[in-house]
> 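This is the structure, below, for whatever I ask next.
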Amino acid sequence: MFAKDHVAYEALPLPDRAELSDAQMLAEARAFYDHLKRRHSVREFCDRPVAREVIEECVRAAGTAPSGANHQPWHFVAIANPEIKHKIRLEAEEEERRFYEGGGGDEWLKALEPIGTNEEKPHLDLAPWLIVVFGQRWGQFDDGTRFKNYYVPESVGIATGFLIAALHRAGLTALTHTPNPMKFLNGLLQRPDSEKPTMIIAVGHPAANATVPRVAKIKKPMEQILTVAE
Ligand code: IYR
């Protein structure tokens, strides 16, 4: 994909120009906010299956994200295989047990109290898909020589945001999960050492009795998240 030789800059006329009136812009911005505010981090999943094509389209959307030097330093592993999901659950719960038994530290554990999480992660078995996000610290040309990637955490974060928004748009629920350390995922999923696992995203449909923590629905008011200089 990346040529080793110099690639000349070439300007293309902007494709897909948006032509919205001011009123349409405001309406679209409001509609998108309305859509995103209906996304909830759900911890109880049901076993309703999700077609692989839906997952692929959502990952395709994630792959359109901007990235440092357009190196697209991400790789997604989508897992529906029950044995692999179970292995991930067992390893993740082991890490989490250490965390909740005190490894996380008092302040962190206290911060999580209103979220109601614990070391049990049944959704890693139950959710029909787990998507593991990897960031690529460096890339490799076909002849094995390495090239640097830039702004990897930022780029992968943006792509993951696109993915979560795409999953939500497809009517799916997603839960981000970050056992620490996550190195076990390289071995389990046969990803190279050049890749760092950043997140496990459980994807599926919510259980009939799914809940969300009250505190998760309290969002900071506008004046706390935005300063305007006009
Ligand atoms: N990884 C743990 C702990 C955890 C940490 C944060 I920060 C959260 O927002 C939620 C949980 C777990 O998944 O339980």
> Would Leu185 end up clustered with Leu90 when hydrophobic side chains under 4.5 Å apart are linked, directly or stepwise?
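In one cluster with Leu185: Leu90, no.
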> If we ignore hydrogens and angles and just use 3.5 Å, is the side chain of Asn149 paired with the main-chain N or O of Gly68 as donor and acceptor?
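The answer is no, because no donor-acceptor pair under 3.5 Å joins these two groups.
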> State yes or no: do Met199 and Val203 share one hydrophobic cluster built from I, L, V, M, F, W and Y residues joined by side-chain heavy-atom distances below 4.5 Å, directly or via other members?
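In one cluster: yes.
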> What is the distance from atom NZ of Lys220 to atom CD1 of Ile218, rounded to the nearest 0.5 Å?
13.0 Å
> So if you build clusters from Ile, Leu, Val, Met, Phe, Trp, Tyr with side-chain heavy-atom gaps below 4.5 Å, do Leu130 and Val77 land together?
yes
> What heavy-atom pair brings Cys46 and Pro128 nearest, and what distance separates the two atoms?
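Where Cys46 meets Pro128 most closely, the heavy atoms are O-CD, 4.1 Å.
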> Please determine whether side-chain contact (heavy atoms from CB on, under 4.5 Å) holds for the pair Gln24 and Glu19, giving the CA-CA distance in whole Å, both sets of side-chain angles, and the decisive distance to 0.1 Å.
CA-CA 9 Å; Gln24 282 171 323; Glu19 304 276 10; over 6 Å; no
> Does the distance from a Lys or Arg side-chain N to an Asp or Glu carboxylate O, for Asp34 and Arg30, drop under 4.0 Å?
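The answer is no: the pair does not qualify as a salt bridge.
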> Just by modelled atom types, is the His35 backbone N or O under 3.5 Å from a matching donor or acceptor in the Arg39 side chain?
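Such a contact is absent between Arg39 side chain and His35 backbone.
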> Has the side chain of Lys85 got a donor or acceptor atom that lies under 3.5 Å from a matching backbone atom of Leu124?
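It does not hold such a pair.
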> Return yes when atom CD of Gln190 has more than 12 non-hydrogen atoms of other residues, nucleotides or ligands closer than 6.0 Å, and no otherwise.
no
> Taking Thr145 for the side chain and Phe141 for the main chain, is one N or O donor matched with an acceptor at less than 3.5 Å?
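The answer is no, because no donor-acceptor pair under 3.5 Å joins these two groups.
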> What are the two closest heavy atoms between Ala127 and Ala202, and how far apart are they?
CB-CB, 3.9 Å
> Salt-bridge test for Arg60 and Glu57: reply yes if a basic N is under 4.0 Å from a carboxylate O, no otherwise.
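Salt bridge present between Arg60 and Glu57.
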> Can you measure from CD (Glu83) to CD1 (Ile88) and round to the nearest 0.5 angstrom?
12.0 Å
> I'd like to know whether CD of Glu223 has more than 12 heavy-atom contacts from other residues, nucleotides or ligands below 6.0 angstrom.
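Yes, CD of Glu223 has more than 12 neighbouring heavy atoms, counting only those of other groups under 6.0 Å.
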> With the side chain counted from C-beta on, respond yes when Ile79 and Leu189 share a heavy-atom pair under 4.5 Å apart, and no when they do not.
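Yes; the side chains approach each other to less than 4.5 Å.
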> Looking at Lys37, I'd like to know if its NZ atom is crowded, meaning that more than 12 non-hydrogen atoms belonging to other residues, nucleotides or ligands lie closer than 6.0 Å.
yes
> Measuring only between side-chain heavy atoms, which start at C-beta, is Pro197 closer than 4.5 Å to Asn186?
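They are in contact (side-chain heavy atoms under 4.5 Å apart), so the answer is yes.
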> If you measure from CZ on Arg48 to CG on Leu172, what distance do you get to the nearest 0.5 Å?
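Going from the CZ atom of Arg48 to the CG atom of Leu172 covers 8.0 Å.
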> With rounding to the nearest 0.5 angstrom, report the NE2 to CG distance, His123 to Leu175.
4.5 Å
> Report, as yes or no, whether the 6.0 Å neighbourhood of atom CG on Asn118 holds more than 12 heavy atoms from other residues, nucleotides or ligands.
yes
> A side-chain contact here means heavy atoms from C-beta on lying under 4.5 Å apart; do Pro179 and Glu96 qualify?
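Side chain of Pro179 against side chain of Glu96, heavy atoms only: contact under 4.5 Å found.
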> Does Phe45 share a hydrophobic cluster with Ile164, counting links as ILVMFWY side-chain heavy atoms below 4.5 Å and allowing steps through other members?
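In one cluster: no.
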> Mind listing the closest non-hydrogen atom pair of Arg43 and Thr117 along with its distance?
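Nearest heavy atoms, Arg43 then Thr117: NE-CG2, 3.3 Å.
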> Taking Ser67's backbone N and O only, do any of them form a donor-acceptor pair with Gln72's side chain (distance below 3.5 Å, no angle check)?
no
> Considering only heavy atoms from C-beta outward, does the side chain of Phe162 approach that of Pro66 to under 4.5 Å?
yes
> Using 4.0 Å as the upper bound for N to carboxylate O, is an ion pair formed by Glu95 and Arg98?
yes
> Do other residues, nucleotides or ligands put more than 12 heavy atoms under 6.0 Å from Phe76 CZ?
yes
> Can you establish whether the number of heavy atoms outside Asp193 located under 6.0 Å from its atom CG is more than 12?
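No, because the 6.0 Å sphere around CG of Asp193 holds 12 heavy atoms or fewer from other groups.
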> Which atoms form the tightest heavy-atom contact between Pro206 and Ala210, and what is the distance?
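Taking Pro206 first and Ala210 second, the nearest heavy atoms are CB-CB, 3.9 Å.
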> Considering residues, nucleotides and ligands other than Arg191, do more than 12 of their heavy atoms fall under 6.0 Å from its CZ?
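Atom CZ in Arg191 is crowded, with more than 12 foreign heavy atoms closer than 6.0 Å.
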> If two hydrophobic side chains count as joined below 4.5 Å and joins carry through other members, does Val133 share a cluster with Trp129?
yes
> Which heavy atom in Ile201 sits nearest to a heavy atom in Ala174, and how many Å separate them?
CG2-CB, 3.7 Å
> Is the backbone N or O of Ala159 less than 3.5 Å from a side-chain atom of Trp74, with the two atoms forming a donor-acceptor pair by type?
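No; judged by distance alone, with no hydrogens or angles, the pair does not exist.
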> Do His205 and Val50 pass the side-chain contact (heavy atoms from CB on, under 4.5 Å) test, and can you show the C-alpha distance, the side-chain angles, and the key distance before you say yes or no?
CA-CA 8 Å; His205 293 279; Val50 172; 3.9 Å; yes
> Atom CZ in Arg97, atom CD in Glu120: separation rounded to 0.5 Å?
8.5 Å
> Show your reasoning for whether side-chain hydrogen bond (donor to acceptor under 3.5 Å, both in side chains) applies to His71 and Lys148.
CA-CA 9 Å; His71 280 194; Lys148 278 189 189 172; over 6 Å; no
> Has the side chain of Lys196 got a donor or acceptor atom that lies under 3.5 Å from a matching backbone atom of Pro153?
no
> Using 0.5 Å steps for rounding, measure from the CG atom of Asp16 to the CG atom of Leu14.
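It comes to 7.5 Å.
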> Are the side chains of Glu44 and Thr211 in contact, using a 4.5 Å heavy-atom criterion?
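Yes. Closest side-chain heavy atoms under 4.5 Å.
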> When you compare the side chain of Arg89 with that of Pro122, does any pair of heavy atoms fall below 4.5 Å?
yes
> Of the non-hydrogen atoms in Trp108 and Gly104, which two are nearest, and what is the gap between them?
CB-O, 3.3 Å
> Ignoring hydrogens and angles, tell me if any N or O in the side chain of Glu119 forms a donor-acceptor pair with the backbone of Phe99 under 3.5 Å.
no
> Is the closest side-chain heavy-atom distance between Arg137 and Val152 below 4.5 Å?
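Answer no - side chains too far apart.
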